[in-house]
Amino acid sequence: MLDQKLIRENPKSVEEILSSRGKLFNIANIHELTIKKKELDIEISGLQSESKKLSKLIGQEISKYKNNNSLEINNLKKKGNEYRSKISEFEEKQRILDKQINNEISNLPNFPSNEAPIGKNESNNIQLKTWGDPLIANDLKSHWEIGEKLNLFESTKSTRISRSRFITLIGNGARLERALINFMLDMHTKNGYVELMLPALVNSESLKGSGQLPKFANESFKCSNDDLWLSPTAEVPLTSFHRNEIIDPKQLPIKYVAYSPCFRREAGSYGRDTKGLIRLHQFNKVELYWFCDPSKSLEAHKKITSDAESILKKLNLPYRLVDICTGDLGFSSSRTFDLEVWLPSSKCYREISSCSNCLDFQARRSSIRTKIDNKNRYLHTLNGSGLAIGRTMAAILENGQQKDGSVIIPDALVPYFGSNSIKTA
RNA sequence: GGAGAGGUGGCUGAGUGGUCGAAAGCGAACGAUUCGAAAUCGUUUAAUAGGUUACUAUUCGUGGGUUCGAAUCCCACCCUCUCCGCCA
């Protein structure tokens, strides 16, 4: 959520900064509403002030004369009644206006950082570095071929249980998933993160708080009887964990790691990534999340990214680091670094983690503050996948595949998985 | 699902129609004391919006309503707790 005051006082620069996302933003309408609101607020508070004085006077008169029915008092009451009806009328207008403004502003994305590369879409993202040697060869198998051969997961039965884009992990596949979750959680908790296991169903307020609502209602599954949604990412409950709080600056930064299943409708992606583990309605993820002092979020952004990177390094998976351009930034983010892992079968890097600095955007929506110089200030929130489990499994299968059809398990994972390879039965 | 109790500031908790944004305690901050600390004493200490300040308004779960005036009365909703039932 952007600052309403900023929109009211400086609409041109708000438009300019937002438009660096690659499409034009026109906030003239919102601007006008905020001006109207301010005028109305001033008018109402004046009337309320008068009405309040009058009420006090009536109270005093009544207690002085022990009589609440004299002509004089009845006249005063009549006057008060007039105030009341006028105020009610204005308040009605104010309510409608407030709702309108709130809704409009909730639909505006965050300001891109001026350090983010300018660009229209994904093709303008900038590769910052690569790590490891990408495996390149001609006779490489895709992870779904490997998975089928080694009986690690299957999808046709899963559509019977649920529908397309759901998967069932089997045997070593399920074991590998579990190993990855535990491995990542252990790595991050050793590194100073506090582990949370959060509710998978979240209410609408939580989704608004992190930016998924109102604009992206289509992206999440809803349980319509209960005002509850299946959480699309642990970022949602993590943000809301401290919603409406004022956090002692001594506690900052607060660093959480949370494993969670994630549910996404993937509307509009029909026909893309239909095979394998890349794009599912339900997937597992280990998420990193920081609440930090506003002056320290740039530094924190680098740290959270390198914390996610450390997992890829430990697993010895080749990857690259990408600086997301303004046109490709997520709604709540001001700057995002993506980690993309090498998938040899498709000869390209694929997103496996997205590390974002949301500045005060989510904090304002969720009302999460801290004390700075004894004043309440919105803090900054950052999130990053550390990592997406299914995609990590896909990368391990593809990068670890051997000529004989087996898969080598990365050393760091062996204690968790219990074996250094997966072989055909 | 049935029955009951309740939601008040950072926390505990008093407040059933008038000067209450709200007693008291805890916590916190500052000062005194001290070589320093503890203890003690004193002062301060809710948020949001508008305004340069003075100040004004709003907020006692949420939304409506009654009234000149609502934390307090009425209606609806949400949530929490206890007991019973059911249950991994």
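FYI, side chains are in, hydrogens and waters are out, and symmetry mates aren't considered; it's all heavy atoms of this structure.
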Sugar-phosphate, base or nothing in reach of A:Asn376, heavy atoms under 4.0 Å: sugar-phosphate
The side chain of A:Arg369 is closest to which nucleotide in this list: B:U48, B:A57, B:C68? B:U48
Minimum-distance nucleotide to A:Ile58 side chain [options: B:C68, B:A57, B:A47]: B:C68
Whether the A:Thr189 and A:Glu195 side chains hold a donor-acceptor pair (N or O, under 3.5 Å, no angle test) is what I'd like checked. no
Nearest to the side chain of A:Ser49, which nucleotide is it out of B:A29, B:A57, B:C68? B:A57
Under 4.0 Å, counting only non-hydrogen atoms across every strand here, what does A:Gly59 touch: a base, just sugar-phosphate, or nothing? base
Nucleotide nearest A:Ser55 (side chain, heavy atoms from C-beta), chosen from B:G69, B:A47, B:U58: B:G69
Distance alone, cut at 3.5 Å: any donor-acceptor contact between the side chains of A:Asp227 and A:Ser204? yes
Give the nucleotide from the list B:A47, B:G18, B:G50 with an atom nearest to the side chain of A:Ile62. B:G18
C1' gap between B:G61 and B:C78, integer Å: 8 Å
What nucleotide among B:U19, B:A57, B:C68 has an atom nearest to a side-chain atom of A:Lys56? B:U19
Map every base of RNA chain B to its dot-bracket character, where paired means a Watson-Crick or G-U wobble contact with both distances under 3.5 Å and | marks a partner outside the strand. ((((((((.[[[..)..(.....]]]((((((.......))))))(((((....))))).[[[[[..)....]]]]])))))))....
What integer number of Å spans the P atoms of B:A70 and B:U62? 16 Å
Scan A:Glu245 against the nucleic acid and name what it touches under 4.0 Å (heavy atoms): base, sugar-phosphate only, or nothing. nothing
Within the 3.5 Å criterion, strictly below it, is a donor on A:Ser210 or A:Thr239 matched to an acceptor on the partner's side chain? no
Write down the distance separating the P atoms in B:G18 and B:U72, rounded off to the nearest Å. 12 Å
For nucleotides B:G64 and B:C60, find the distance between their P atoms and express it as a whole number of Å. 12 Å
Which nucleotide, B:A47, B:A57, B:C68, lies nearest any side-chain atom of A:Lys77? B:C68
Quick one: do A:Asp41 and A:Lys37 make a salt bridge, cutoff under 4.0 Å? yes
With a non-hydrogen cut-off below 4.0 angstrom, is A:Lys38 in contact with a base, only sugar-phosphate, or nothing? sugar-phosphate
Indicate whether the side chain of A:Lys285 and that of A:Thr233 have a donor and an acceptor atom separated by less than 3.5 Å. yes
Near-strand residues of residues 98-109 of chain A, defined as heavy-atom separation under 4.0 angstrom from RNA chain B: none
Just by distance, with hydrogens left out, do A:Asn125 and A:Asp338 show a side-chain donor and acceptor under 3.5 Å apart? no
C1' atoms of B:C83 and B:C77, separation to the nearest Å: 25 Å
Of the listed nucleotides (B:U56, B:U67, B:A49), which one gets closest to any side-chain atom of A:Arg84? B:U67
Partners passing ring-ring contact (aromatic ring centres under 6.0 Å, His included) against A:His301 (at least two apart in sequence or in another chain): A:Phe337
Could you walk me through whether A:Glu266 and A:Arg165 pass salt bridge (Lys or Arg N to Asp or Glu O under 4.0 Å), step by step? CA-CA 9 Å; A:Glu266 297 294 346; A:Arg165 290 200 189 283; over 6 Å; no
Distance only, no hydrogens: is a donor on one side chain within 3.5 Å (strictly under) of an acceptor on the other, for A:Asn203 and A:Ser206? yes
Ignoring hydrogens and geometry, is there a side-chain-to-backbone donor-acceptor pair from A:Ser260 to A:Cys262 under 3.5 Å? no
